[in-house]
Amino acid sequence: MCRMFPANFTLIISDGCSIPAQRNSVDVAYSNQLMEHLHPDDALEQVHNVLDVLKPGGVYICITPEPDHRATRRLAGF
């Protein structure tokens, strides 16, 4: 059987805020065009939850087509 992903890869799909993973267990978290659809308070919760599950030195890649969106500005401190 052909594997679609490497053996050390696990795809976890969440509701956008909760992250179903153990604390300090994720090397890379990725979201694509999600942030601009969340209420600013939910966006902050999502980022806090992502940071909680990232391992020390882990990376969160957050892609958004609207860098000026209010949630993105709030997360960036603007």
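Values in this document were obtained by computation on a predicted structure and should not be read as measured data.
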Task: 4.5 Å side-chain heavy-atom contact, V28 and I61 - done: yes

Open item on the list: Can you give me the closest heavy-atom contact between N24 and P56, atom names plus distance?
Closed with: OD1-CD, 4.3 Å

Open item on the list: Show the nearest heavy-atom pair for residues I12 and A21, with the distance to one decimal.
Closed with: CD1-CB, 4.1 Å

Open item on the list: Can you confirm whether D52 sits close enough to R23 that some side-chain heavy atom of one is under 4.5 Å from a side-chain heavy atom of the other?
Closed with: yes

Task: Minimum heavy-atom distance between S14 and I19, given as atom pair plus value - done: OG-CD1, 4.0 Å

Task: Under 3.5 Å: donor-acceptor pair, side chain of N49, backbone of E45 - done: yes

Open item on the list: Would you say V26 ends up clustered with L51 if hydrophobic residues are merged whenever their side chains have heavy atoms under 4.5 Å apart, either directly or through other cluster members?
Closed with: yes

Open item on the list: For residues I13 and M4: do they belong to one hydrophobic cluster (side chain heavy atoms under 4.5 Å, members Ile, Leu, Val, Met, Phe, Trp, Tyr)?
Closed with: yes

Open item on the list: Run L34 and Q46 through side chain to side chain contact (heavy atoms under 4.5 Å, CB included) and show every step you take.
Closed with: CA-CA 10 Å; L34 167 71; Q46 192 253 9; 3.6 Å; yes

Open item on the list: Please give me the minimum heavy-atom distance between Q33 and H37, naming the atom from each residue.
Closed with: O-CD2, 3.1 Å

TODO: Please test Y60 against S31 for side chain to side chain contact (heavy atoms under 4.5 Å, CB included), starting from the C-alpha separation and ending with a verdict.
DONE: CA-CA 8 Å; Y60 177 35; S31 68; 2.9 Å; yes

Open item on the list: So, taking the atom named CZ in F5 and the one named OG1 in T10, what distance separates them when rounded to the nearest 0.5 Å?
Closed with: 10.0 Å

Open item on the list: Please check this pair: side chain of D27 against backbone of G58, looking for a donor-acceptor N/O pair closer than 3.5 Å.
Closed with: no

Task: Interatomic distance, T64 atom OG1 to M35 atom CE [nearest 0.5 angstrom] - done: 7.5 Å

